[in-house]
Protein chains: 2
Amino acid sequence: MKNYIPILKRTQLFAGVSEDEIALMLSCLDARMHTYKKGEYVFHQGEHLHHITVLVEGELHIQRDDYWGNRAIVNRIAVGEMFGEAYIAPQSGALLNDVVAIEDSTVIFFDVKRIITVCSSACRFHSMVVQNLFFAISEKNKKLLQKLGHISKRTTREKLISYLSEEAKRNNSASFVIPFNRQQLADFLSVDRSAMSNELCKMRDEGLLEFEKNAFKLM
Amino acid sequence: MKNYIPILKRTQLFAGVSEDEIALMLSCLDARMHTYKKGEYVFHQGEHLHHITVLVEGELHIQRDDYWGNRAIVNRIAVGEMFGEAYIAPQSGALLNDVVAIEDSTVIFFDVKRIITVCSSACRFHSMVVQNLFFAISEKNKKLLQKLGHISKRTTREKLISYLSEEAKRNNSASFVIPFNRQQLADFLSVDRSAMSNELCKMRDEGLLEFEKNAFKLM
DNA sequence: ACCTTTCCGTTGTAAAAACAACCGACTTGT
DNA sequence: ACAAGTCGGTTGTTTTTACAACGGAAAGGT
């Protein structure tokens with residue numbers, strides 16, 4: 001687990017905390033590590049969570065399959081990001097989604113109670129972690145609102161424009177690379193892949209944008 | 001402001017804090033009250049927030065209008081609920097939505113910095129408020145995920161089934177009353193009102209459900 | 001080098017949604 | 001009591017999407 005301390009240091013959760021302090025806090029927060037093969041499930045719909053999960057290697061998708069097999073990628077977790085903050089309240093019910101490793105992945109679990117219950121003087125940086133978690137959840141909240149902004153658009157074209165505009169803005173450039181292939185982007189925006197592909201090409205033909213694979217350029 | 005202390009006591013934010021303690025904390029948290037007439041904007045898209053807003057009277061809608069006038073109700077704030085938790089992080093940018101009073105409303109603003117910076121011993125219950133805010137944001141996070149679950153369904157019927165099923169579950173009954181009229185529900189689910197109305201009636205004719213105004217019964 | 005798999009664009013068809021327009025019932029204000 | 005406005009259902013048309021199926025290019029493994 002110590003190998004991953006440099007990665008933890010760069011996470012939102014431990015921002016501003018030194019590696020030495022993190023090492024000390026690992027036991028204080030009851031940290032536990034686990035690895036998953038590509039395709040393995042980290043969590044299943046219906047489970048009850050009591051931990052914050054930080055991804056230190058690989059990539060996770062939070063996804064939901066409905067009764068008829070339509071898959072929606074609710075979110076994508078990259079190295080350094082975490083999962084489970086939506087379920088830290090005691091009254092939170094069961095997990096609503098599946099969490100799947102789409103690459104070989106390593107995660108570290110932190111006991112929620114240990115985090116939000118400020119412990120003895122042993123953890124001088126504990127309050128900073130609490131504040132970091134605050135900001136992190138708040139940010140994730142905001143991201144969900146943004147995604148909602150995209151998906152609530154009525155047509156595939158509008159969804160694409162909404163998403164791509166934001167990516168351009170986020171990268172401060174009309175050219176950028178998105179972290180999804182076509183199928184994943186379609187799932188993310190909750191539309192049909194072929195229809196979306198079609199719409200993308202129409203937009204390209206109309207001169208709205210250019211793309212090659214995952215690299216886009218807005219005009 | 002003191003008139004609303006009983007209401008604050010029943011909010012998530014002040015759960016477990018006595019009215020006397022709340023009264024003491026109001027100044028500690030730099031609480032400020034403001035009233036709005038029906039239709040007035042509490043916040044406009046593009047503003048920067050530094051406060052948590054608690055609604056103590058009336059009703060608010062968080063909504064977004066796109067370039068072409070389509071309105072999406074991102075969320076609905078009832079008395080006792082709060083807004084602004086998605087923007088408490090210092091790196092949070094501008095507000096992405098409008099917040100509108102749809103009834104004459106009264107809100108109380110709390111300075112974010114004052115909340116998350118634990119103050120001196122004067123506020124014995126401060127840490128409880130911090131923990132409450134944690135759970136509240138976490139819960140809101142979860143609600144957004146649930147709404148995403150509805151909206152990411154492909155068809156109007158599926159969205160309706162998803163939403164209504166959840167309402168039934170939440171009320172522990174096949175019969176329940178929803179807090180939206182038809183237009184608001186359509187906006188919430190990001191679909192066309194008439195198409196949705198049509199679909200609802202089809203589902204009724206197929207025996208899937210019954211309804212009268214906002215009262216629904218699933219079969 | 002060959003086979004397999006994945007990815008992405010393309011096409012045609014059927015289904016569904018958006019849109020516009022209208023009407024009757026019910027509220028609300030005066 | 002009347003006028004104006006809101007609300008919800010209905011219908012027909014146009015636009016958009018979902019779905020299924022195919023093929024070529026690229027990637028990956030043996």
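Chain identifiers are assigned alphabetically (A, B, ...) following the order of the sequence lines, protein sequences preceding nucleic acid strands; residue numbering begins at 1 within each chain. Computed over heavy atoms, backbone and side chain alike; hydrogens, waters and symmetry mates excluded.
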Quick one: the side chain of B:R193 and the base of D:dG9, do they pair up donor-acceptor inside 3.5 Å? yes
Is there a donor-acceptor contact under 3.5 Å from the side chain of [X] to the main chain of [Y]?
X: B:N132; Y: B:A15; answer: yes
X: B:N171; Y: B:F176; answer: no
X: B:S162; Y: B:K159; answer: no

To the nearest angstrom, how far is [X] atom [atom1] from [N] atom [atom2]?
X: B:E199; N: D:dT11; atom1: CD; atom2: P; answer: 14 Å
X: B:F211; N: D:dG8; atom1: CZ; atom2: P; answer: 10 Å
X: B:L200; N: C:dA17; atom1: CG; atom2: P; answer: 12 Å
X: B:R182; N: D:dG9; atom1: CZ; atom2: C1'; answer: 9 Å
X: B:D192; N: C:dA15; atom1: CG; atom2: C1'; answer: 16 Å
X: A:N214; N: C:dC7; atom1: CG; atom2: P; answer: 10 Å
X: A:R154; N: C:dA16; atom1: CZ; atom2: P; answer: 19 Å
X: B:K38; N: D:dG5; atom1: NZ; atom2: C1'; answer: 11 Å

For A:K213 and B:K213, find the nucleotide of DNA chain C closest to each by heavy atoms; which residue's nucleotide sits nearer the 5' end?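 Final value for this comparison: A:K213.
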Can you tell me which nucleotide in [options] comes closest to the side chain of [X]?
X: B:N198; options: C:dT11, D:dT10, D:dT11; value: D:dT11
X: A:V191; options: D:dG9, D:dT17, D:dA18; value: D:dA18
X: B:S194; options: C:dA20, C:dA18, D:dG8; value: C:dA20

Scan [X] against the nucleic acid and name what it touches under 4.0 Å (heavy atoms): base, sugar-phosphate only, or nothing.
X: A:T155; answer: sugar-phosphate
X: B:T156; answer: sugar-phosphate
X: A:N181; answer: sugar-phosphate

Note: A:K140-A:E85 ion pair, threshold 4.0 Å (strictly below):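 Salt bridge: yes.
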Distance under 6.0 Å and angle within 45° of ring axis: B:K217 vs B:F211: no
